[in-house]
Amino acid sequence: MQLKFASFAKLVAIGALTTLIFVVGGASPSVAKPWWMRGSPSDDGDFLPPDVAFRVGAHLDGNVIRVRFVIADGYYLYRRKIVVEADSPDLSVSAPALPAGVLKTDPNLGVQEVYEHGVEAAVAFSRFDAGAHPLAIRVTYQGCAEAGLCYLPISKILYPEGANAAGSASLPIAVPGAAAPGSRVSFRPWQRVAILGGLAAFVLTGLRLRRSSRPLPAAGG
Amino acid sequence: MIERSLKFAGMLVVVLFGAWAGTRTYLAHRAAPTDEPLVRVAAGEASPPSKSDAAVESASGVLPPARVPARLPAFSLAGLDGRPTPIDRWHGRAIVLNFWATWCAPCRREIPLLTRVSHDWAQRGVSVVGVAVDHPEAVARFVGELHVDYPVLTGEQDALDVAKALGVDTPVFPFTVFVDRGGDVVALYLGELHAAEIDLLLGEVTRVDRDEESLEQARAHIDAGLAKLASAPAHP
């Protein structure tokens with residue numbers, strides 16, 4: 001009356017495969033391009049929202065706040081539009097130290113220095129509040145898409161990672177990785193457990209079947 | 001018999017689990033495809049931090065579709081002389097309503113094209129109207145430097161409100177709205193226009209105005225035409 005191990009493993013394997021099919025299928029919903037949103041001459045896709053085109057995070061590195069921008073392919077930020085200011089009380093910050101950018105010549109705006117792909121600004125700071133307030137900076141930046149679209153200047157309050165002790169009111173700041181959002185499928189822990197469990201059951205079922213297999217009697221004597 | 005029932009029940013459980021997991025993943029990705037929500041502040045100049053602002057959370061991989069209204073909404077913005085200018089001043093004419101800013105390079109590149117269009121199409125019942133989302137002084141200086149001779153309205157938050165009413169919630173420039181002489185919005189074009197695109201769009205607006213085709217037909221032709229242009233190697 002007991003369920004055999006192989007039968008149970010088969011069930012788990014089927015479950016895992018079903019999960020995988022639904023998860024992978026569900027992770028990439030296709031989005032049709034509406035007629036009135038066409039605007040990208042490259043046809044590489046629609047324009048990105050500003051927070052996807054330009055991602056920003058900040059972390060503390062000794063006496064310096066490092067503000068890191070990750071810029072999507074085909075987009076750029078103007079160097080002169082990157083501004084970092086103190087936001088929390090009793091904080092002073094220096095002008096951001098930025099590396100040399102790429103020179104871009106525009107017939108109307110002249111030569112402009114821009115950043116593509118990413119850039120990190122180093123901002124020296126002094127705080128005089130003895131840690132009474134969460135360290136906060138205001139970062140302003142402005143950029144465009146090569147395909148011919150510009151975004152209004154964006155201004156954000158950042159709470160640099162490592163600056164505010166646990167329990168403080170820091171906002172969830174992530175220094176983004178190099179991968180463009182949406183370019184990979186990420187799985188949550190419970191999804192990983194389901195998939196790995198299913199795969200393990202699949203392998204164990206195979207081993208079990210192999211062990212229990214016996215040579216067939218010779219046909220015809 | 002019992003073993004068979006247990007097998008069936010077990011299979012049902014794992015299949016249901018799979019379906020649940022898939023649905024949950026689909027909904028999670030649809031709601032927030034970007035897995036790194038940063039500070040929740042909308043795009044915009046010096047926008048204050050706000051945890052309740054869900055602009056980033058709702059951001060998908062591409063700009064959210066604009067909710068383009070069927071008809072041009074009524075609005076009034078300051079002209080270069082500072083006087084309020086209602087858009088219905090151009091009532092009865094087809095309108096190319098171009099939103100731009102002086103600091104925006106692709107916007108500035110469009111200006112000579114729009115100037116030419118305003119001359120070439122004036123006798124055919126088409127008016128070009130610029131909406132500069134910028135400080136009035138900067139706009140006036142720029143318009144003088146580039147000899148822009150079509151009407152330009154200016155505004156800051158009020159102009160952004162008009163953009164929003166046209167369905168462009170995320171402030172981006174340039175974008176251009178093509179309106180037929182009856183006030184119906186034929187198309188909204190996001191990004192820098194080139195000669196071939198504007199000729200295509202205005203051709204369709206004109207055909208609608210002459211009752212040679214319906215709005216739906218014009219939009220289908222625009223869709224096909226823009227797709228064809230997008231696949232072309234380069235713009236003139």
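Lettering follows sequence order; numbering is per chain, from 1.
The salt bridge (charged side-chain N to carboxylate O under 4.0 Å, His left out) test applied to A:Asp61 returns A:Arg66, not counting sequence neighbours. By the salt bridge (charged side-chain N to carboxylate O under 4.0 Å, His left out) test, B:Glu110 pairs with no residue at all, sequence neighbours left out. Take B:Asp184 and apply the salt bridge (charged side-chain N to carboxylate O under 4.0 Å, His left out) test, not counting sequence neighbours, and it matches B:Arg71.
The part of B:Leu160 that comes within reach of chain A is its side chain, from C-beta onward, which places non-hydrogen atoms under 4.5 angstrom from that chain. Looking at A:Gln142, only its side chain comes within 4.5 Å of chain B, counting heavy atoms on both sides.
Scanning residues 96-104 of chain B against chain A with a 4.5 Å non-hydrogen threshold yields B:Thr102, B:Trp103, B:Cys104, sorted by number.
In this structure, A:Leu48 CG and B:Thr170 OG1 are separated by 11.5 Å, a value rounded to the nearest 0.5 Å.
The closest side-chain heavy-atom distance from A:Phe47 to B:Leu190 is below 4.5 Å. At least one side-chain heavy atom of B:Phe173 sits under 4.5 Å from a side-chain heavy atom of A:Leu152.
The number of heavy atoms from other shown groups lying within 6.0 Å of NZ (A:Lys81) is above 12.
Using a cut-off of 4.0 Å between Lys/Arg side-chain N and Asp/Glu carboxylate O, A:Asp106 and B:Arg108 are scored as not salt-bridged.
The two residues A:Cys150 and B:Ala105 have their closest heavy-atom pair at SG-N, 4.1 Å.
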